[in-house]
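Below is one structure, written out as structure tokens, with a few remarks after it.
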There are 2 protein chains.
Amino acid sequence: MVSNRPRTTAPHDVVLIGRSTQQRALVLGALIVAEGFVSAQALHKQLVGTGSSVGLSTVYRTLTALAEAGRADIVRDTNGERLFRHRPGPDHRHYLLCTECGLSLPVESGPVEKWAERVARSSGFANVRHVVELSGICPDCERQPGQAT
Amino acid sequence: MVSNRPRTTAPHDVVLIGRSTQQRALVLGALIVAEGFVSAQALHKQLVGTGSSVGLSTVYRTLTALAEAGRADIVRDTNGERLFRHRPGPDHRHYLLCTECGLSLPVESGPVEKWAERVARSSGFANVRHVVELSGICPDCERQPGQAT
DNA sequence: AAGGTAGATGAAAACGATTTTCACATCAAT
DNA sequence: ATTGATGTGAAAATCGTTTTCATCTACCTT
């Protein structure tokens, strides 16, 4: 239940899901600052590294909740790891992800959307959803191989 | 390394990768018979159930090899589990997968392919690959809810 | 402001899929 | 048949993610 949000102590920043705690703010903040797809683990490492000690479970819980609330997108990298990205708008987008450095480029996705819809309609399937992931090696990484994070 | 394939005894009907062993034939056979996406675990369970005892590791190894050799497609289900499907032809396809019964329908994917290529070209990324998964509820399952496998 | 309580946290354990290890079995060229 | 490369499998190791559970805290009520 996320509907009623009794607002007494308005924090400083963005409102998140459920109770407003410092940890959630930290995770969301880090996710926003990341500006691209990050794994929960990476986010956690970064937070801990910055001195903000947040439990790994909390990072996972928060990210999952954000995704469920539609405030984050999730993709899976080639190893099956989940990468999260803060979603500014309510629209559904697709990204081109660099498998070397994690750089993510939003791409023009109109055609796929249309295609997906058409397929959905002609198939008779209900509730059709799609996952589209493009990945490759960005120009920079292509130029200087082998210097990932 | 799967590149060099000392081939003296050309197998007749089902060609596999590397050495021709009974286990590989079993796995490939089961994959073909499955006619849709199956997880390595499910395949293994089925094989063992049928009396053909093949090690789980071997199932994984074979499926992975098949995929690398382009003879199988891989998708990820919502839990991150890998599902494998035998690919008859050398072409790359996309499927519409029923989340209830597992039915998979190959879909007309020309437009996405073109789109993916276009995006790849205009992005400057190298080696761009794409994963496209459509999932929904097939007409049958839609009609009779709640009788999954 | 104090208290109560549903909700949140985190360390550690549990999980589940996949991979690796390694001793042993098997394939296939000789 | 011999033999060396290759494949196999049971068990252990990985690794990302989830759960457990005792403890803490935000926040509503008094």
Side-chain angles (χ1 to χ4, degrees), chain A residues 1-13 15-28 30 37-45 47-48 51-69 72 74-84, chain B residues 1-12 14-28 30 37-45 47-48 51-69 72 74-84:
Chain A
M1 205 167 291
V2 206
S3 40
N4 64 332
R5 262 183 260 133
R7 175 68 45 67
T8 38
T9 333
H12 356 88
D13 210 329
V15 185
L16 0 97
I17 59 280
R19 223 167 244 185
S20 154
T21 72
Q22 196 183 348
Q23 289 89 330
R24 287 190 180 169
L26 284 169
V27 174
L28 179 52
F37 286 97
V38 241
S39 71
Q41 310 259 4
L43 219 49
H44 177 243
K45 237 168 251 161
L47 281 168
V48 170
S52 325
S53 173
V54 180
L56 179 58
S57 350
T58 299
V59 173
Y60 272 107
R61 277 191 281 241
T62 306
L63 290 176
T64 302
L66 284 170
E68 272 169 8
I74 302 183
V75 304
R76 288 206 187 252
D77 74 3
T78 20
N79 312 314
E81 197 173 6
R82 263 147 67 185
L83 303 180
F84 301 80
Chain B
M1 202 163 286
V2 208
S3 40
N4 65 330
R5 261 180 264 137
R7 176 62 45 68
T8 37
T9 331
H12 2 80
V14 200
V15 186
L16 357 99
I17 60 279
R19 225 172 240 185
S20 153
T21 72
Q22 195 182 349
Q23 289 88 330
R24 287 190 183 168
L26 284 169
V27 174
L28 179 52
F37 287 96
V38 241
S39 70
Q41 312 260 4
L43 220 47
H44 176 243
K45 236 168 251 161
L47 281 168
V48 170
S52 325
S53 173
V54 180
L56 179 57
S57 351
T58 298
V59 173
Y60 271 109
R61 278 191 282 240
T62 305
L63 290 176
T64 304
L66 284 171
E68 272 170 8
I74 303 182
V75 304
R76 289 206 187 252
D77 73 3
T78 19
N79 311 314
E81 196 173 6
R82 266 153 58 185
L83 304 179
F84 300 80

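Every chain is numbered from 1, with letters handed out A, B, ... down the list of sequences.
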When we call it a touch if two heavy atoms are under 4.0 Å apart, what does A:S39 touch: a base, just sugar-phosphate, or nothing? nothing

Report yes if some heavy atom in the side chain of A:T58 is under 4.5 Å from a heavy atom in the side chain of A:R61; otherwise report no. yes

A:R24 has an atom CZ; how far is it from atom C1' of D:dC27, in whole Å? 14 Å

Expressed as a whole number of angstroms, how long is the span from A:L43:CG to D:dG16:C1'? 15 Å

Please give, in whole Å, the distance from D:dG16 C1' to A:L83 CG? 12 Å

Tell me if a side-chain donor or acceptor on B:R24 pairs with a main-chain N or O of B:R19 at a distance below 3.5 Å. yes

Per atom distances to the A:T21 side chain, the nearest of D:dT17, C:dT9, C:dC27 is C:dT9

N/O (side chain, A:Y60) to phosphate O (OP1/OP2, D:dT17) under 4.0 Å: yes

Under 4.0 angstrom between B:R61 side-chain N/O and C:dT18 OP1 or OP2: no

Under 4.0 Å from OP1 or OP2 of D:dC27: is there any side-chain N or O of A:R19 that close? no

Considering just the side-chain nitrogens and oxygens of B:Q22, establish if one lies under 4.0 Å of OP1 or OP2 belonging to C:dT26. no

Using a 4.0 Å heavy-atom cut-off, does A:Q41 contact any base of the nucleic acid, only the sugar-phosphate backbone, or nothing at all? base

Over all heavy atoms of both residues, which pair between A:F84 and A:I74 is shortest? Give the atoms and the distance, please. CE2-CD1, 3.7 Å

Among the nucleotides C:dA17, C:dA28, D:dG9, whichever has the atom closest to the side chain of B:V54 is D:dG9

N/O (side chain, A:T58) to phosphate O (OP1/OP2, C:dG10) under 4.0 Å: yes

Of D:dA11, C:dG10, D:dT18, the nucleotide closest to the side chain of A:R82 is D:dT18

Taking A:H44 for its side chain and A:V54 for its backbone only, find out whether a donor-acceptor pair lies under 3.5 Å. yes

What's the CG-P distance between A:N79 and D:dG16, to the nearest Å? 8 Å

Atom-pair distance (NE2 on B:H44; P on C:dT18), nearest Å: 13 Å

Whole-Å distance between C:dA8 C1' and A:Q23 CD? 8 Å

Side-chain N or O of B:S57 versus OP1/OP2 of C:dT20: is the shortest distance under 4.0 Å? no

Any side-chain to backbone donor/acceptor pair from A:T64 onto A:Y60? Under 3.5 Å, distance only. yes

When the distance from CG of A:L56 to C1' of D:dG16 is rounded to whole Å, what number comes out? 9 Å

Euclidean distance, atom CZ of residue A:R76 to atom C1' of D:dT17 [Å, nearest integer]: 10 Å

